[in-house]
Amino acid sequence: MSYIALANITLSSAASSVTFSNIPTSVNGVALRDLVLVIDGTASVGINVSIFFNNDNTTSNYPYVRMIGNGSTTSSDTANPTVIGDLQTTRGMIKLSVMDYSATDKHKTLLSRFDNPSSVLGAIALRWANTNAITSLRVRDTANAATFSIGTTFALYAIAG
Amino acid sequence: MPIPLGILAAAGFRPSAAGSYDLLETTVLTGSQASVEFTNLTTKYASTYQHLQIRVALAARADDWMTLRFNGDTTGGNYYSHILRGTGSAVNSFATGAGSLGMGYLMNFGTTTSAGVLDILDPFETTKNKTVRMFAGNTTANSTGGPITLTSGLYMSTNSVTALSISAFSGTYTTGSRFSLYGLKAA
Amino acid sequence: MTMQVIQHIELGSAQSSITFSNIPQTYTDLLLVTSIRDTSGGFQLLLLDINGSSSNRKWRSLFGNGVGGVGSQTETSGNPANTIALVNGAVGGPISVVAYTSAQLYFPNYSGSSFKSFSADSVTENNSTENYNFIEAGLWEQNSAITSLTVKTTNTVAAGSSATLYGILKGSSGGVTVS
């Protein structure tokens, strides 16, 4: 089995953040390589969503490059480290892979696709500048002010490698 | 600390009887290497898998682009590539034919780690030319590179895919770089 | 079995569409991959009906055309509401080889009781400079569960086109906790 469901949550009340902890590097003897996180839902207001690994809250440790389309124009920037996409008050989704999350010899590269049909869509490459294996991840509003709405789902998977 | 993985033999990782997405082979480099090969693919996998996926996570190396050669075919005229990219300051697109290394410009390397996911649908069909789709990225903003890309390539041959060779226009892949091949079933 | 094939369809002759009906409601998400082409010349549209309908849709796209151009559109841009991307057609003009568009679509929570998001990435390919690498954010503004998906092109779906539908089931393992 190479695609493994690790954990999930459907919010029964609004939440300011969601944290997955105790992420293993193997399950049932199968070594794990990549994480896949799927977020589907809404936020209390339109927000950028940030990710933090292993309680590392130093923003500069998460450089990123983004390309987006807003329905009429395109753009690309590096202006918002930690950001993996956005959520709005209308339904949207973020699907990302954290590649080689269990490695201890390289920084971690994250690839994200984010999709909001009412605002923007695009793709992000983000790097966690740390060689430690990822054991936890937390997502929240970048501004740390808004909440993920009731019914928003977060599902974490791992891929063997 | 996980046990470092070397090159797993093709027969050393038996696909699970359950599930439709299987790890077939993984290579993690223990030294610099110019290319990574997946071979005998039709013989090993065509009877079980409909689609292939390659996932790569690369240690830092010099700025360059990934190339992909099919079946040892060095005829540049048999390949074409197209790129949609975000550079960190603009979004643009371009197209290119390729050379003896095969399908070029599939993934850009910065001087930091980079990663990508490459899909080949119906690689074993003998009635279709082969289309490649790849989503990749790194965090080195580069106006001439492509930190965040959706790229594509065409291999103009209806032969079943027997071998895939991943290299770059120049230089080597460095220690710790990982290349994993996955199969997706259709039944 | 986190990821399981539901059905694979490959066309032996040209058809009006590829349809997955009676999609089981036992998974969490759906992944649809398709290798597809239109019978007419030039670039055509890749279209998707959900539960037999092309309506109640919002979408937003980002694409490149291979010749330096990029763009972003919505469902108000003039293309049909059920547009997913552009797709290869028959050879003609500078395009002298037959190629199939490669696309993947992801539908989280397809059986839930809220509007349905989906994400689409697709690439046409050919031996000429013009092509379309396309990403789309989609929304089906219905609370019903998705029970069928119909993949179409502007005219007729060419022989050799294929589509594979997978179900993905969320779960728990490895001692991961979530809060």
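Just so it is clear: chains get the letters A, B, ... in the order the sequence lines come, proteins before strands, and each one is counted from 1.
- Put simply, the residue from B:Leu84, B:Val132, B:Leu150 that forms a side-chain contact (heavy atoms from CB on, under 4.5 Å) with C:Val123 is B:Leu150.
- Shown here for C:Ser102 and B:Leu121, the closest heavy-atom pair between the two residues is OG-CD1, 3.6 Å.
- Between the OG1 atom in C:Thr101 and the CZ atom in B:Arg133 there is a gap of 10.5 Å [rounded to 0.5 Å].
- No donor-acceptor pair under 3.5 Å is formed between the side chain of C:Thr129 and the backbone N or O of B:Ala95.
- Only the side chain of C:Tyr166 comes within less than 4.5 Å of a heavy atom of chain B; its backbone N, CA, C and O stay farther away.
- When each of B:Ile83, B:Asp119, B:Thr158, B:Leu184 is checked for heavy-atom pairs under 4.5 Å with chain C, B:Leu184 comes out on top.
- Residues B:Ser152 and C:Glu125 bring a donor and an acceptor atom of their side chains to less than 3.5 Å of each other.
- Between atom CD1 of residue C:Ile95 and atom OH of residue B:Tyr80 there is a gap of 10.0 Å, rounded to the nearest 0.5 Å.
- One distance of note links CZ of B:Phe94 with CG of C:Asn65; it measures 13.0 Å at 0.5 Å rounding.
- Interface residue C:Gln104: backbone and side-chain heavy atoms are both found under 4.5 Å from chain B.
- The most heavy-atom pairs under 4.5 Å with chain B, out of C:Ala159, C:Ala103, C:Ser122, come from C:Ala103.
- Proximity to chain C is absent for every atom of B:Ile120, based on heavy atoms less than 4.5 angstrom apart.
- In this structure, B:Lys128 contributes its side chain and C:Gly160 its backbone to a donor-acceptor pair below 3.5 Å.
- Other residues, nucleotides and ligands contribute more than 12 heavy atoms inside 6.0 Å of the CG atom of C:Asn143.
- Scanning all heavy atoms of the two residues, the minimum distance from C:Thr164 to B:Lys185 falls at CG2-O, 4.1 Å.
- Within the 4.5 angstrom heavy-atom criterion, no atom of C:Tyr132 approaches chain B.
- For the pair B:Ser93 (side chain) and C:Gly69 (backbone), a donor-acceptor distance under 3.5 Å is present.
- Closest non-hydrogen pair, B:Leu154 versus C:Val97, comes out as CD2-CG2, 3.7 Å.
- Between chain B and the options C:Ala99, C:Gly64, C:Ser128, heavy-atom pairs under 4.5 Å are most frequent for C:Ser128.
- For C:Asn88, no part lies near chain B; criterion is any non-hydrogen pair under 4.5 Å.
- In this structure a side-chain-to-backbone donor-acceptor pair under 3.5 Å is missing from C:Asn131 to B:His82.
- At a 4.5 Å heavy-atom cutoff, C:Thr2 makes no contact with chain B through either its backbone or its side chain.
- With B:Met156 as reference, C:Asn127 is the one residue of C:Asn127, C:Val98, C:Asn126 to meet the side-chain contact (heavy atoms from CB on, under 4.5 Å) rule.
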